[in-house]
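Working notes, beginning with the structure itself.
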Amino acid sequence: MATMQGVRLPGNSTVEHVTAEVPEPGPGQVLLRMRGSSICGSDIRAIYREHLGHGAEAYQGVIAGHEPCGEVVDVGPGARRLGIGDRVVVYHIAGCGVCDECRRGYAVGCHSSFRAAHGWQRDGGHADYLLAEEASCILLPEPLTFVDGALVSCGFGTAYEALLRLDVSGRDTLLVTGLGPVGLAAAMLAKAMGVGPVVGTDVSPERRGIALTLGLVDEAFAADDEDRVRAAVPGGYSATLDASGHPAARLLALTSTATWGRCAFVGEGGTVGFDVSQTMIHKQVTLHGSWVTSIGHMEDLLGHLDRWRLHPEVVVTDRFSLDDAALAYALADSGTAGKVVITFD
């Protein structure tokens, strides 16, 4: 039996290199050679530092990585759509396929015991090969790179879903609190959708610098510089999005939302407290919670990126080989980099 190298996350901010058998695709499955597999903030928060997750975020000791993109090298019996050589992005959750959420394309919301997410309950993309369900794979348009695809498989898809929930357009202004990879993605996509100005905040001067250098935001402020944030768009932002998960940043996003505006919470974990009447009810504010995206919206996004001639990989600041996965995770945990990705070429 052929073997491959992979990475598991035992907790305590450590990385474990393992040797595993290369899986064989069963009915309706495909085997992918990994080409790009990026690191998500959820990997850091709920697995790498310590195993915090429950339910959908319960880590089962599998090979890590839930942002995979690769090339089909083998197909199982009954595969009807994909062939060897196809380049694919993997929607990283495989659900039961028959519940209301799965039938709508939101396998992330599946509550069946059959639900399994790559890098959480089934082997993920931090290995030479990945076994995926054919139904979870989306063809990667030729102009987009494997790294572009990896970023869309979670982070950019998550940002796009939140922007759809906010229903943004050229009529809108946007505040993004938290300029990590998802915040950078939200800013990039919002500009492509006609939003402006786009303003961002972050505690990290490095991340503010990345956002400004790439032209993803019009202005970027320190997370505690509330006066300048509010002065940048007098009267408040018609749309706001928190990608940090920090209580103060969530509150800044919500209180900076204009009357009749919309706010989305995307950053995971933690809590937030506020005066409901003054902050939401009296201002007629709509607050959304947005989690990942649907496989249909992810496919739409890939098409839009092709049309817009945008490459998500511009937010990647650092690339590592699988051998250097420990360095990759430590950098991603520092909170100072853009997107960190493992590549296999």
Between [X] and [Y], what is the shortest heavy-atom contact and its length?
X	Y	value
Gln5	Leu322	O-CD2, 3.5 Å
Ala132	Cys137	CB-SG, 4.0 Å
Ile47	Gly119	CD1-O, 3.7 Å
Val266	Ala162	CG2-CB, 3.5 Å
Pro247	Val272	O-CG2, 3.7 Å
Val108	Arg115	O-NH2, 3.0 Å

Flag, side chain of [X] to backbone of [Y], donor-acceptor distance under 3.5 Å:
X	Y	result
Arg208	Asp202	yes
Arg262	Leu166	yes
Arg87	Leu144	yes
Lys339	Ile39	yes
Ser153	Ala150	yes
Arg8	Gly61	yes
Ser256	Leu252	yes
Thr293	Thr158	no
Arg81	Glu134	yes
Asp86	Gly83	yes

On the 0 to 90° scale, with breaks at 30° and 60°, tag the His297-Tyr106 ring pair as parallel, tilted or perpendicular.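 Judged by the thresholds at 30° and 60°, the geometry between His297 and Tyr106 is perpendicular.
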Return the orientation label for the Tyr329 and His126 ring planes: parallel under 30°, perpendicular over 60°, tilted otherwise. perpendicular
One pair to check against salt bridge (Lys or Arg N to Asp or Glu O under 4.0 Å): Arg33 and Asp128. What are the steps and the verdict? CA-CA 6 Å; Arg33 178 188 174 193; Asp128 297 318; over 6 Å; no
So, Glu268 and Trp291: side-chain donor and acceptor under 3.5 Å apart, yes or no? yes
Under 3.5 Å, is there a donor-acceptor pair linking the side chains of Gln29 and Glu133? yes
[atom1]/[X]: more than 12 non-hydrogen atoms of other groups inside 6.0 Å:
X	atom1	answer
Arg309	CZ	no
Phe114	CZ	no
Glu16	CD	yes
Trp308	CH2	yes
His17	NE2	yes
Glu21	CD	no
Asp275	CG	yes

After noting the C-alpha distance and the side-chain angles of Val89 and Leu302, does the key distance pass the side chain to side chain contact (heavy atoms under 4.5 Å, CB included) rule? CA-CA 9 Å; Val89 178; Leu302 288 166; 4.0 Å; yes
Measuring from [X]:[atom1] to [Y]:[atom2], what's the distance to the nearest 0.5 Å?
X	Y	atom1	atom2	value
Ile342	Asp318	CD1	CG	12.0 Å
Ile93	Cys110	CD1	SG	10.0 Å
His51	Tyr59	NE2	OH	5.5 Å
Asp74	Leu31	CG	CG	6.0 Å
Asp148	Cys69	CG	SG	8.5 Å
Leu175	Leu241	CG	CG	9.0 Å

Establish whether [X] and [Y] are linked, either directly or via other cluster members, by ILVMFWY side-chain heavy-atom contacts under 4.5 Å.
X	Y	value
Ile295	Trp120	no
Leu151	Leu301	yes
Val315	Val340	no
Val314	Leu212	yes
Leu251	Tyr237	no

Pairwise side-chain contact, [X] with [Y], heavy-atom cut-off 4.5 Å (strictly under):
X	Y	result
Tyr160	His304	yes
Phe274	Thr255	no
Leu130	Val90	yes
His288	Cys263	no

Give the C-alpha distance, both sets of side-chain angles, the deciding distance and a yes or no for side chain to side chain contact (heavy atoms under 4.5 Å, CB included) between Val176 and Leu174. CA-CA 6 Å; Val176 178; Leu174 177 69; 3.7 Å; yes
Could you give me the CA-CA distance, side-chain angles and deciding distance for Leu310 and Met188, then say whether side chain to side chain contact (heavy atoms under 4.5 Å, CB included) is met? CA-CA 9 Å; Leu310 287 181; Met188 176 189 283; 4.2 Å; yes
Please evaluate residues Thr257 and Thr240 with respect to the criterion side-chain hydrogen bond (donor to acceptor under 3.5 Å, both in side chains), reporting the C-alpha separation (whole Å), side-chain torsions for both, the decisive distance (0.1 Å), and the verdict. CA-CA 6 Å; Thr257 307; Thr240 59; 2.8 Å; yes
side-chain contact (heavy atoms from CB on, under 4.5 Å) partner of Tyr48, chosen from Asp43, Asn12, Asp333, Thr14: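 Between Tyr48 and the candidates, side-chain contact (heavy atoms from CB on, under 4.5 Å) is satisfied uniquely by Asp333.
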Taking distance alone, no hydrogens or angles, what donor-acceptor pairs closer than 3.5 Å link side-chain atoms of residues 216-228 to residues at least two apart or in another chain?
residue, atom, partner, partner atom, Å
Asp218, OD1, Lys191, NZ, 3.0
Asp218, OD2, Val198, N, 2.7
Glu226, OE1, Arg230, NH2, 3.2

Walk me through it: do Val18 and Val7 pass the test side chain to side chain contact (heavy atoms under 4.5 Å, CB included)? CA-CA 6 Å; Val18 299; Val7 162; over 6 Å; no
Distance to the ring centre below 6.0 angstrom and angle to the axis at most 45 degrees; does that hold for Arg250 and Phe265? yes
Output all residues satisfying ring pair (Phe, Tyr, Trp, His ring centres under 6.0 Å) with His246, sequence neighbours left out; order by chain, then residue number. none
Going by an N to O cut-off under 4.0 Å, is there a salt bridge joining Arg45 and Glu57?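 Salt bridge: yes.
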Applying side-chain contact (heavy atoms from CB on, under 4.5 Å), name anything that partners Ala185, two or more places apart in sequence or on another chain. Phe156, Ala159
